[in-house]
Structure formats: C-alpha cells, structure tokens
Amino acid sequence: MSTESQSVPVQVPARRTVIACVGAAGLAAALTACGGGGSDDAKPAGDGAGKDAGGVLGKTSDIPQGGGKIFAAQGVVVTQPTAGQFKAFSAKCTHQGCAVSSVSGGTINCPCHGSKFDVADGSVKGGPAPSPLPAAAISVEGDSIKLA
C-alpha cells in the first residue's frame with residue numbers, strides 16, 4: 001500500500017470575481033437600506049378607502065386653519081386650507097407608500113424621503129413623490145367631520 005499523497009488542484013477565484021461579489025453585496029445592502037422607513041412613524045399607510053365609512057373622524061375645531069390633522073387609523077389626513085373649507089387626502093405617500101407624519105407650513109409631510117404635498121389640493125410641493133395625494137371623501141355635518 002502506497003503512502004503517497006495526491007494533491008488535488010484548488011481553484012482560487014480571480015481577484016475580479018471577488019471584487020465583483022463584494023461590490024454586489026454592498027449594493028444590495030445599500031438598496032435595502034434605501035427602501036426601509038427607519039422609524040415607527042414611517043410605516044406604510046392604508047389607502048383610507050372604505051375604512052369606517054360614515055364614522056366621525058373629529059370636530060372641525062380639531063383642524064387648524066392652513067394646516068391639518070392626520071387620522072392614521074383611517075388612513076386619511078384632513079386639512080383646512082381656508083376658514084371653513086375642509087379637504088381630505090390619503091395619508092399614504094405616493095412615493096413609496098409611507099404614512100405621512102405631519103402637517104405644517106401649508107404642506108403635508110412624509111418622513112421617509114421628504115415629499116411634501118399642498119394642504120389645499122394634495123399636489124406635490126417637493127421631494128421624490130411622483131403624483132399628488134389622492135383625495136378622500138369626507139362630509140362636514142355641524143361641527144363633525146365624517147368619512148363619506
């Protein structure tokens with residue numbers, strides 16, 4: 001019986017292959033990081049359609065003139081662009097579906113990537129959002145605001 005050992009050739013990947021794989025892994029990590037919200041406020045929102053139809057959202061006095069209030073559970077944001085004029089929009093940003101988080105300075109603001117929407121018509125005022133916030137149906141009865 002022979003005690004000679006046989007060597008098996010080992011294939012070593014080329015430097016280009018190693019660099020390409022490391023680069024691809026880095027790119028995948030970067031894209032994953034860009035797609036996430038990062039905070040509890042930056043969660044995808046519902047579309048607001050058909051949720052609690054007819055249910056009272058709040059009182060007209062809850063909505064500041066020139067501003068608005070977000071009703072996260074119903075997926076809508078209600079604004080009062082001018083005294084006595086109430087509008088409602090989906091609280092879901094048209095960029096990547098994050099929930100808008102604030103209304104200030106005449107805009108509805110998304111925390112994910114900085115999109116801003118006009119309180120009067122939901123149009124895009126800044127950021128990467130490709131389209132306006134969709135309108136939501138509400139009705140004002142006395143001092144109550146309801147989903148229509």
Next on the checklist: Measuring only between side-chain heavy atoms, which start at C-beta, is I70 closer than 4.5 Å to V100?
Outcome noted: yes
Next on the checklist: Just so I know, are the side chains of P81 and K87 near enough to count as touching, which here means a heavy-atom distance under 4.5 Å?
Outcome noted: yes
Checklist entry - What distance separates S144 OG from K59 NZ, expressed to the nearest 0.5 Å? => result 4.5 Å
Review item, side-chain donor-acceptor pairs of residues 119-134, under 3.5 Å, at least two apart:
residue : atom : partner : partner atom : Å
D121    : OD1  : S123    : N            : 3.0
D121    : OD1  : S123    : OG           : 2.8

Item to check | Heavy-atom side-chain proximity of V78 to K69 below 4.5 angstrom | outcome: no
Checklist entry - Do the non-hydrogen side-chain atoms of L147 and Q74 ever get within less than 4.5 Å of each other? => result yes
Next on the checklist: Tell me the closest heavy-atom pair linking I138 and A88, and the distance in Å.
Outcome noted: CG2-CB, 3.5 Å
Checklist entry - Is the side chain of T107 donor-acceptor paired with the backbone N or O of N109 at a distance under 3.5 Å, no angle test? => result no
Checklist entry - Roughly how far, to the nearest 0.5 Å, is CZ of F86 from OG1 of T79? => result 9.0 Å
Checklist entry - Taking the side chain from Q80 and the backbone from G84, do they hold a donor-acceptor pair closer than 3.5 Å? => result yes
Next on the checklist: Could you walk me through whether I145 and V56 satisfy the side chain to side chain contact (heavy atoms under 4.5 Å, CB included) test, starting with their C-alpha distance in whole Å, then the side-chain angles of each, then the deciding distance to 0.1 Å, before giving a yes or no?
Outcome noted: CA-CA 6 Å; I145 300 172; V56 174; over 6 Å; no
Checklist entry - When rounded to the nearest 0.5 angstrom, what is the spacing between CD in Q65 and OG1 in T82? => result 7.0 Å
Next on the checklist: With heavy-atom distances below 4.5 Å as the criterion, would you say the side chains of T94 and F117 are in contact?
Outcome noted: yes
Item to check | Pair C93-C98, disulfide (SG to SG under 2.5 Å): steps then yes or no | outcome: CA-CA 5 Å; C93 181; C98 292; over 6 Å; no
Checklist entry - What is the minimum heavy-atom distance between P111 and A99, and which atoms define it? => result CD-O, 3.3 Å
Checklist entry - From F89 CZ over to I108 CD1, what is the distance, rounded to the nearest 0.5 angstrom? => result 5.5 Å
